[in-house]
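Below is one structure; the comments refer to it alone.
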Amino acid sequence: MKIYADSASDLPKSFYEQNNVIILPLRVQMKGQEYDDVIGVDMQDVYDTIRAGEMLKTSQVSPELFLKEFTALAQSGEEGLYIAFSSQLSGTYNTAVMMAEQVKEKYPDLKLVIIDSKCASMGCGLLVKEAVRLREEGVSFEQIVDKIRFNAEHMEHLFTVGDLNHLAKGGRLSKASAFIGSILSIKPVLDVEDGKLVPIEKYRGRKKVINRLIELMAERGDSLSEQVIAISHSDDLEDAEEVKSLIIENFHPKAVEIHLIGSVIAAHTGTGTFGIYFLNKLPKE
């Protein structure tokens, strides 16, 4: 069984290499050049460029890459699972479906399931990691697909951003709100609902928003002590480590992983962003 994931899963390059997962990179335009996310860009350079005020542009996985990978899968006769970035945030899922249909015209026996995860960053990343774990345990292809669909439906995303002005520049917040919010140190709490970015609350000050994220975890999470929790951050390791300590103190999960947000998502959120990812319902074993 082959597992495919796009770079918006925000897993490190080493993960794909060590776990036999095929990465399908989205692309970022920076300083007049285009780069493959994760595998072809230096993240410190990305964050330095964002801090210097440049608004980066992003584009989806190339149709040609999908065509190449899905054709190779069809020729191999193996089963394949592609866990795609939310279709509400990128056109990548829809392009993948179109390219798979094109491959099926020549190879009607193509065994490929494409899941619209409705997730982003490590919400997606946790799904990919679970698929790898299940494959290693020898779970059947159909059972893996069912479990990943279930987890995708029940994945929570809670996050905040460090720079309201960056969201305003990207058209995701009014400039007036960003200006007032920056003066007052207003920090939004955001969520992903049905694959879309949704602001749900706002607080004054970093400490209040961190405490609120922990409260929301307690309200929404199911058996958090039985889960692996993920945190992703855009060059804000200090806050991510503080949140990790609070999660361990309050919920005693199996593990808490911290990952760096990749260039594609950072292009839209800016620096100082961090998110928490966990399930609001565990699947029955």
Side-chain angles (χ1 to χ4, degrees), residues 1-27 36-39 58 60-63 65-70 72-74 78-101 103 110-137 139-157 192 194-196 227-230 232 257 259 261-262 264-265 275 277-283:
M1 170 189 166
K2 291 185 177 178
I3 298 172
Y4 302 85
D6 58 46
S7 61
S9 301
D10 284 347
L11 292 162
K13 182 181 177 182
S14 59
F15 173 85
Y16 298 96
E17 296 168 344
Q18 294 166 9
N19 293 281
N20 192 25
V21 174
I22 298 166
I23 184 173
L24 301 166
L26 283 83
R27 293 167 293 179
D36 284 337
D37 188 22
V38 176
I39 60 175
T58 61
Q60 58 179 283
V61 178
S62 74
L65 181 56
F66 281 132
L67 197 60
K68 175 190 167 201
E69 292 293 349
F70 295 165
L73 175 67
E78 289 185 75
E79 298 159 320
L81 172 62
Y82 171 36
I83 301 168
F85 186 30
S86 172
S87 64
Q88 300 292 327
L89 300 172
S90 169
T92 288
Y93 166 77
N94 290 323
T95 299
V97 170
M98 285 192 295
M99 291 300 102
E101 289 302 319
V103 172
L110 174 67
K111 301 171 186 172
L112 174 66
V113 172
I114 302 174
I115 294 178
D116 178 4
S117 70
K118 302 288 182 74
C119 296
S121 190
M122 277 305 297
C124 238
L126 285 175
L127 299 178
V128 175
K129 295 194 75 167
E130 180 67 359
V132 168
R133 185 185 73 81
L134 294 169
R135 180 179 64 181
E136 289 175 352
E137 290 184 359
V139 175
S140 73
F141 180 70
E142 291 75 15
Q143 287 177 306
I144 292 175
V145 170
D146 287 345
K147 187 162 186 185
I148 297 307
R149 287 193 196 279
F150 180 93
N151 284 11
E153 187 179 341
H154 295 284
M155 186 66 66
E156 290 282 348
H157 304 61
V192 172
D194 194 34
K196 297 178 184 176
Q227 296 193 42
V228 174
I229 311 297
S232 64
E257 300 182 1
H259 294 276
I261 289 174
V264 165
I265 292 181
Y277 311 87
F278 57 95
L279 295 174
N280 58 36
K281 185 177 182 181
L282 295 188

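Computed from a prediction, not measured in an experiment: that's the story for all the values here. For reference, positions follow the sequence shown, starting with 1.
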Problem - Full working for side chain to side chain contact (heavy atoms under 4.5 Å, CB included) between Val113 and Arg149 - result: CA-CA 11 Å; Val113 172; Arg149 287 193 196 279; 3.4 Å; yes
Practice task
Show the numbers, then the answer: is there a side chain to side chain contact (heavy atoms under 4.5 Å, CB included) between Leu73 and Tyr4?
Solution key: CA-CA 11 Å; Leu73 175 67; Tyr4 302 85; 3.4 Å; yes
Practice task
Under the side chain to side chain contact (heavy atoms under 4.5 Å, CB included) rule, what do Lys13 and Ile23 come out as? Steps first, then yes or no, please.
Solution key: CA-CA 9 Å; Lys13 182 181 177 182; Ile23 184 173; over 6 Å; no
Handout entry: Pair Asp6-Thr92, side-chain hydrogen bond (donor to acceptor under 3.5 Å, both in side chains): steps then yes or no
Key = CA-CA 9 Å; Asp6 58 46; Thr92 288; 5.0 Å; no
Exercise for the section: Let me see the working for Leu279 and Met155 under side chain to side chain contact (heavy atoms under 4.5 Å, CB included), right down to the final yes or no. Expected result: CA-CA 5 Å; Leu279 295 174; Met155 186 66 66; 3.8 Å; yes
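Two residues are said to be in side-chain contact when any heavy atoms from C-beta on lie closer than 4.5 Å; Ile83 and Ser117 meet this criterion. Inter-residue side-chain proximity for Glu130 and Arg133 is flagged as met; some heavy-atom pair is nearer than 4.5 Å. With a 4.5 Å cut-off on side-chain heavy atoms, Gln143 and Leu134 do not count as touching. Within the 4.5 Å cutoff, no side-chain heavy atoms of His154 are placed close to those of Pro283. Put simply, the side chain of Leu127 reaches to within 4.5 Å of the side chain of Cys119, judged on heavy atoms. Within the 4.5 Å cutoff, the side chain of Thr95 has no heavy atoms near those of the Val61 side chain. No side-chain heavy atom of Leu126 sits under 4.5 Å from any side-chain heavy atom of Asn151. The shortest side-chain heavy-atom distance between Asp116 and Ile114 does not fall under the 4.5 Å cut-off.
The aromatic rings of Tyr82 and Phe66 are tilted relative to each other, their planes meeting at an angle between 30° and 60°.
Side chain of Ser86 to main chain of Gln88: a donor-acceptor pair is present (N/O by atom type, distance under 3.5 Å, no hydrogens or angles).
The minimum heavy-atom distance between Tyr277 and Gly123, with the atom names listed, is CD2-N, 3.3 Å. For Met1 against Glu78, the heavy-atom pair with the smallest separation is N-OE1, 3.5 Å. Contact detail for Ser87 and Lys118: the closest heavy-atom pair is OG-CE, 4.2 Å. Across all non-hydrogen atoms, the minimal contact from Ala96 to Phe70 is O-CE1, 3.5 Å. When all heavy atoms of Ala100 and Leu110 are compared, the closest pair comes out as O-CD2, 3.8 Å. Of all heavy-atom pairs spanning Gly80 and Phe141, the tightest one is O-CZ, 3.4 Å.
Considering CD1 of Ile22 and CG of Asn20, their distance stands at 7.0 Å, rounded to 0.5 Å. Taking CD from Glu142 and CD from Glu79, the interatomic distance works out to 6.0 Å, rounded to the nearest 0.5 Å. Atom CG of Asn280 and atom CD of Glu153 lie 9.0 Å apart (nearest 0.5 Å). Rounding to the nearest 0.5 angstrom, the gap separating the OG atom in Ser9 from the CG atom in Leu26 is 9.5 Å. Atom CD1 of Ile229 and atom CD of Glu156 lie 11.0 Å apart (nearest 0.5 Å). Taken from CE in Met122 to CD1 in Ile265, the straight-line distance is 10.5 Å, to the nearest 0.5 Å.
Between Glu257 and Lys129 there is a salt bridge, since at least one side-chain N of the basic residue sits less than 4.0 Å from a carboxylate O of the acidic one.
The one candidate from Val38, Ile39, Asp36, Leu24 that meets the side chain to side chain contact (heavy atoms under 4.5 Å, CB included) condition with Ser7 is Val38.
Judged by distance alone, the side chains of Ser232 and Asp10 never bring a donor and an acceptor atom under 3.5 Å apart.
The neighbour count for Lys281 NZ, taken as heavy atoms of other residues, nucleotides or ligands under 6.0 Å away, does not exceed 12.
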